[in-house]
Structure formats: C-alpha cells, structure tokens
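In what follows, a structure is listed as structure tokens, so that the remarks can point back to it.
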Amino acid sequence: MDGTPGAAGAAGETLVGPLAVDACSGEGLGGADGAGVNGGRAGGPVADADAGSGGAGGLPGHPGLVKMSFSAAQTIDFPPQPTSHQTDGGPFPIESAATSSAGLPVTYTSLTPDICTVAGNVVTPLAAGICTVAAVQPGGVVGGVSYPAATQVVQSITIVAAQTPSVSGVKAVPTLGTWGIGLLITLFGVIAYRRRSV
C-alpha cells in the first residue's frame, strides 16, 4: 500500500507594527517508512506485504523563508524663528534648529528663493518679505530600524528692509531776520568808513 502523505509545513503569520514578518512555509521533515510528515512527500508502496515494511520515507519539504524588517515613523520638531533680520545684515544661522525624532540629520531648504536662500543652516536674505524655510528628513536607518521620510515642517523668518540713516540729529541752519540783516549792513558800513578814514 501507499505511504500516507505528510502534513503541509505551517505558514508563518504576518505581523503588523514596527516588526513585520512576511508569511513563510515551515520546513518539512523527512517521512518515516510509509508516511511523510510535516510537508515530506509520501512514502512509496509497500514492498512486501508479508514483511510488513512500508515504503521509503518522504523527502524533506522545502525550508521556509523568513523576511524580517523593522520600521517606524519619524517626525520633525522645528521651533518658530523669533528674530527678524534686515536685508543688509548679511547671512545668519537658523536660530532654533530642527530635530528628527529618529535622530537622523535634518536639512533645510528655502521655499521663497526670491526672499532668501539657505545653505546648510545659514540663511542669506535677498529682499524684504517673509522667508519661508522648510526642514526636511528623507529617511534612513538607525540601529537596524528603517525610518521613512518625515513630513516637512516650515517656519517663517521676517526680513525687513535696510534702515536709512536718521536725520533727526541734524541741527537747522539759523537764518537772519530783518533786524539781523540791518545790523550786518551797518557793521559793514562802519568797517568801510574806518578804512577810508585811515
């Protein structure tokens, strides 16, 4: 008689959350004489009914493949930028740096290139207006855990026009009234008369 087919190998379950395991098949074991077990192929027919020996044991099933990956979300914390800057003040660093919850490096980019540019963490003002800076983290791996790209966070920096020099400290030039002009003419007349009489 024929050997009994072995049972199929157990399939792994897919888990959700930070740990994800792809479904897999269990590794079959070789069947005993006359019967396969755990995915082994069935044994062959009985060679001799009187001897009572079963067929050869089933061959092992294929080994299961397990694919494991760890993943987690990340967020960016980018505090407001408290200070305004002047167009003629030159480049300045971002005051409150952005950080990633995964500890991955954050980069900056300007969303208003007509108002400002960003290189590294330094902002260069170009014109008066609102400079909008985006903090970006494209994703990466930390300690074997894979992090996808974070949602970018933006903050605004006010750029004000250059200040013109104040004229409030300049004193007005005094003017001569009617009496002053009369006295000045008299003084010149006296001086001219004295010169002629000398």
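Values below: all heavy atoms of this structure, side chains included; hydrogens, waters and symmetry mates excluded. Being a predicted model, the structure only gives us computed values, none of them experimental. Index from 1, following the sequence.
Side chains of Ile94 and Val123 form a contact here, defined as non-hydrogen atoms less than 4.5 Å apart. The closest side-chain heavy-atom distance from Gln86 to Val160 is below 4.5 Å. Ser101 has its side chain out of reach of Tyr147: every pair of non-hydrogen atoms, C-beta onward, lies at least 4.5 Å apart. For the pair Glu95/His85, a side-chain contact is recorded, criterion being any heavy-atom separation below 4.5 Å from C-beta on. A 4.5 Å side-chain heavy-atom check between Ile130 and Thr158 finds at least one atom pair inside the cut-off.
Distance OG1/Thr132 to CD1/Ile157: 9.0 Å, rounded to 0.5 Å. Separation of atoms CG (Leu104) and OG1 (Thr99) is listed at 11.5 Å; rounding is to 0.5 Å. With rounding to the nearest 0.5 Å, the separation of OG in Ser156 from CD in Gln81 is 9.5 Å.
Summarising the geometry of Ala97 relative to Pro79, their closest heavy-atom pair is O-CD, 3.4 Å, with the distance given to 0.1 Å. Minimum interatomic distance between Thr112 and Cys131 (heavy atoms only, all atoms of both residues): OG1-CA, 3.4 Å. Contact record, Ser96 with Pro80: OG-O, 3.7 Å, taken as the closest heavy-atom pair. The shortest heavy-atom contact between Gln137 and Ile76 is N-CD1, 3.6 Å. The two residues Ala102 and Gln74 come nearest to each other via the heavy atoms CB-OE1, 3.7 Å. Residues Thr87 and Ala162 approach most closely at OG1-N, 3.1 Å, considering heavy atoms.
By the criterion of side-chain heavy atoms lying less than 4.5 angstrom apart, applied directly or through intervening Ile, Leu, Val, Met, Phe, Trp or Tyr residues, Phe92 is grouped together with Phe78 in one hydrophobic cluster. Both Val118 and Ile115 are members of a single hydrophobic cluster when ILVMFWY side chains are connected at heavy-atom separations under 4.5 Å.
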